[in-house]
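Worksheet: the structure to be examined is printed underneath.
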Amino acid sequence: MDSEAVTWDIAPGLVMLFSRFLPIVVPIDMADNFGGKKSAPIGPETLHDDTPTFGFLLLGTILTIGASLFLPVAALGLLAEHLGPIPLGGCRSPMDVIRIKS
Amino acid sequence: MSIATVVPEKPQYSGLKQGKPKPPRRVKRAALFTRETTIPAVKQAFVMLRPDIQWKNPVMFVVEVGALLTLLYIFKALFGASESLISVSYFIALDVWLFLTVLFANFATALAEARGKAQAESLRRTRRETRALRLGPDDTIEDVSSNQLKPGDRVVVSAGQTIPGDGEIINGIASIDESAITGESAPVIRESGGDRSGVTGGTFVLSDRIVVRITSGAGESFLDRMIGLVEGAIRQRSPNEMALTLALSAMTLIFLIVVIPLWPMAWNAEQYMMGYLGITEPLKSLGTDVPTLIALLVCLIPTTIGALLAAIGIAGMERALRANILAKSGKAVEMAGDIDVVLLDKTGTITMGHRHATRFLPLGRYSVSDLGQLATLASVADETPEGKSIVKLYEEQGNAAVVSPEKSEFVQFSAQTRMSGINLPNGRRVRKGASDAVAKFVQGEGGKVPDTLKSLVDGAASKGATPLVVADGGQVAGIIVLEDILKPGMKERFGRLRQMGLRTVMITGDNPLTASTIAAEAGVDDFIAEATPEDKLEYIRKEQAEGKLVAMMGDGTNDAPALAQADVALAMNAGTQAAKEAANMVDLDSDPTKLIETVEIGKQLLITRGALTTFSIANDVAKYFAIIPALFAGTLPWLKLMDIMSLHSPTSAILSAVIFNALIIPALIPVALRGVAYKPLGADALLRRNLLVWGAGGVLLPFAGIKLIDVVLVGLHLLS
């Protein structure tokens with residue numbers, strides 16, 4: 001039982017370590033690639049990145065893509081727990097669940 | 001004599017509306033779905049289901065694999081091995097729509113390709129076999145087929161004959177109807193020597209007789225090769241397109257990672273609920289149903305843009321082709337949308353490219369109208385643009401048309417005499433021509449050249465104009481001032497380029513003073529005076545070093561280095577072979593202001609791609625609201641709160657989402673092929689506009705669409 005506990009302590013640590021640092025390789029490589037590009041001079045066709053429109057675009061993209069990625073899991077976890085009677089919701093008896101189901 | 005090209009005058013504002021002049025559209029619009037393109041495209045859509053072809057579109061390949069997996073589930077259900085409680089008709093409906101999604105995507109690509117090929121084919125059709133009169137080594141003429149011609153052969157082409165192949169005029173001058181290639185009916189002048197000596201096979205000689213040295217064999221003429229290149233480029237993907245494909249593939253992979261764990265999670269929820277409720281009968285939800293999870297994946301991955309991406313790129317090439325621009329690569333078309341600076345040659349681009357008579361300057365006892373009359377008499381038989389412009393100027397000054405008396409003898413221009421004119425029946429000999437030639441003529445007639453002539457001639461020449469001296473027998477009557485005048489409507493065109501964010505630079509051989517006058521008159525932003533090929537190259541390099549993208553328009557051999565250096569190089573079809581080889585686009589109409597359309601097509605291409613990508617991703621929001629509650633209706637019924645569209649049942653919700661996802665592809669084919677409308681509003685305003693239409697629209701439209709499909713499905717009793 002003790003040896004199993006050690007495994008269970010280390011395994012999530014490794015998961016966190018890898019899931020944090022491995023996927024970041026691609027964005028860093030992309031940033032490096034973008035950084036190496038020539039910068040275009042500012043002209044009438046330049047897209048300004050200090051406008052509300054651009055801010056909306058950026059935030060909208062982050063929120064939409066972020067929501068797309070995490071909504072299924074959030075629905076099963078947070079939403080289900082918040083809306084439903086189990087396991088943390090105030091479910092009084094199994095019959096309530098059956099009533100909701102039908 | 002100058003080397004002149006008749007630049008056909010187009011109706012500048014044919015679609016003139018009151019008040020606001022509308023620029024002409026020179027990109028011909030064609031019907032989207034014609035019998036010739038649609039039927040092969042439908043067939044090709046099925047052919048493209050072959051995994052080795054479908055693989056090239058990773059997003060749709062995933063959909064195809066999903067559809068095949070669903071097919072396996074159908075078989076499994078049909079043979080009674082399924083433990084699922086869901087009816088098999090739901091699986092079949094799902095699978096049909098998954099396959100349709102792939103087929104719609106393939107159809108979009110195939111249709112765009114078919115339209116591009118049809119456009120290339122219509123160009124090639126002008127190049128049929130003709131008879132050719134080949135000159136032997138001993139100048140004997142031999143009648144052969146154009147297919148037998150080899151590079152280096154010399155052929156004689158006279159008025160009324162078709163030029164048998166691409167070549168160069170080595171002798172003579174002729175007016176040529178190039179409408180078969182350019183669609184422009186006004187004839188052009190081509191002559192030996194200089195930059196206007198190139199002729200294209202399939203064009204038609206209207207007057208005179210020329211000797212052409214063939215430069216390419218049958219079937220490998222420049223246009224043949226160009227069309228081949230364009231067809232090849234139609235299938236090639238530009239670097240931008242490949243980058244986007246990669247990004248979409250990465251998103252597909254991420255959604256695969258999102259969807260796959262849903263199965264164990266949903267299974268766990270089932271087990272948990274069974275245990276919680278203390279029941280032993282199996283509790284099933286759609287969350288553990290593999291075809292439903294495939295449907296979820298297909299709805300989430302960017303199928304809309306994945307399906308239309310190739311079609312958008314091909315359609316850009318095809319729109320360029322429709323505007324008579326042969327683009328050697330899709331990259332060139334895209335690049336045109338990002339151009340910052342454009343370099344144009346003055347002669348033939350900003351100005352008419354040939355001289356027009358603008359003033360009569362008399363000498364001695366002659367009046368302006370006397371001189372005009374003499375000049376007109378000497379030009380009656382002169383068919384060159386210069387000659388015609390003299391007659392026109394005289395008549396414009398309020399004089400009656402001059403008719404040459406009967407039995408007049410016309411003296412044609414020749415390179416030896418450098419004069420043309422008329423011998424009237426009363427013995428009067430009128431000549432016009434270069435000042436030294438006419439001076440010699442006057443002295444030969446026993447006359448004297450007045451001292452004032454030289455200052456008059458020099459005065460005109462110093463302003464960049466060409467003086468022609470008119471002699472009336474032994475007397476000098478005065479000079480005609482010939483000037484290269486601005487093309488009409490240039491200021492508006494340059495204004496439009498400026499609105500689109502481009503800076504125009506005029507290249508000219510004139511001195512800086514003349515150049516600045518013309519530059520101001522034409523409304524260009526900058527000029528390079530007394531430009532040498534090195535100057536042009538230097539200028540382009542300087543701009544590029546600042547990070548700007550430079551477009552260059554050229555037609556001469558001396559433009560070739562600059563064309564090769566520029567990011568977008570548009571060569572005129574009337575120009576030399578070297579210029580066309582160095583360029584990455586060739587304008588068959590030889591109309592330099594076509595750059596406006598080129599830039600517009602490029603911008604449209606980039607905007608369309610961006611708009612549909614945004615739309616595709618924004619669509620996901622609504623699909624989640626339809627699918628997530630449906631997935632867990634069996635186990636976590638309180639998620640019904642998320643179902644804001646209040647769809648009929650879990651299966652109808654999922655089917656509606658999949659059907660919407662499939663139908664949006666053909667619905668957007670017209671947008672992909674025609675491009676999102678481009679207006680020169682500036683990048684920020686354009687982004688706001690497109691974000692509102694395609695971003696906000698992309699979020700909201702699927703809610704309405706999915707609900708509508710759900711209502712229709714239920715209304716038609718297709719679902720229980």
Side-chain angles (χ1 to χ4, degrees), chain A residues 19 23 26-27 30 33-34 37-87 89 91 93-102, chain B residues 250-251 254-255 257-259 261-262 265-266 268-269 272-273 276-278 287 296 300 338 340 498-503 544-549 603 614 617-618 620-621 623-625 627-629 631-632 634-642 680 682-688 691 695-696 699:
Chain A
S19 62
V26 177
M30 260 169 76
N33 189 0
F34 289 152
K37 287 210 186 326
K38 280 194 293 187
S39 61
I42 292 169
E45 280 292 275
T46 304
L47 184 66
H48 296 280
D49 54 5
D50 53 353
T51 57
T53 316
F54 189 81
F56 182 76
L57 171 70
L58 188 64
L59 196 69
T61 311
I62 292 170
L63 288 180
T64 310
I65 294 191
S68 323
L69 297 184
F70 297 109
L71 205 64
V73 175
L76 277 173
L78 297 174
L79 284 173
E81 282 184 3
H82 178 74
L83 297 170
I86 52 162
C91 181
S93 80
M95 288 311 289
D96 284 356
V97 182
I98 293 162
R99 222 171 286 129
I100 293 166
K101 239 191 78 151
S102 49
Chain B
M251 277 189 79
I254 290 171
F255 279 120
I257 296 171
V258 169
V259 171
L262 279 179
M265 286 186 214
N268 194 45
Y272 191 90
M273 282 308 284
Y276 189 83
L277 295 170
L296 173 66
L300 294 182
D338 279 335
D340 300 298
R498 198 170 300 116
Q499 275 183 325
M500 290 158 80
L502 277 78
R503 209 161 60 86
Q544 284 174 334
E546 290 172 28
K548 289 179 188 163
L549 287 177
K603 282 190 189 296
T614 313
I617 292 167
D620 279 1
V621 177
K623 291 171 189 165
Y624 265 131
F625 281 96
I627 294 177
I628 299 272
L631 279 184
F632 302 110
T635 43
L636 307 166
W638 43 90
L639 281 181
K640 181 87 184 149
L641 212 74
M642 263 183 82
D684 292 320
L686 214 57
L687 176 70
R688 205 173 312 131
L691 211 53
V699 172

Between A:Leu57, A:Thr51, A:Val26, the one whose heavy-atom pairs under 4.5 Å with chain B are most numerous: A:Leu57
side-chain contact (heavy atoms from CB on, under 4.5 Å) between A:Leu69 and B:Ile254, intermediate numbers included: CA-CA 8 Å; A:Leu69 297 184; B:Ile254 290 171; 3.1 Å; yes
Contact leader toward chain A among B:Val259, B:Leu262, B:Ile627, where contacts are heavy-atom pairs under 4.5 Å: B:Leu262
Results of side-chain contact (heavy atoms from CB on, under 4.5 Å) for B:Ala618 - residues two or more places apart only: B:Val699
Winner by heavy-atom pair count (cut-off under 4.5 Å) against chain A, out of B:Asp620, B:Leu549, B:Leu691: B:Leu691
Within residues 61-68 of chain A, residues adjacent to chain B where the heavy-atom gap is under 4.5 Å: A:Thr64, A:Ile65, A:Ala67, A:Ser68
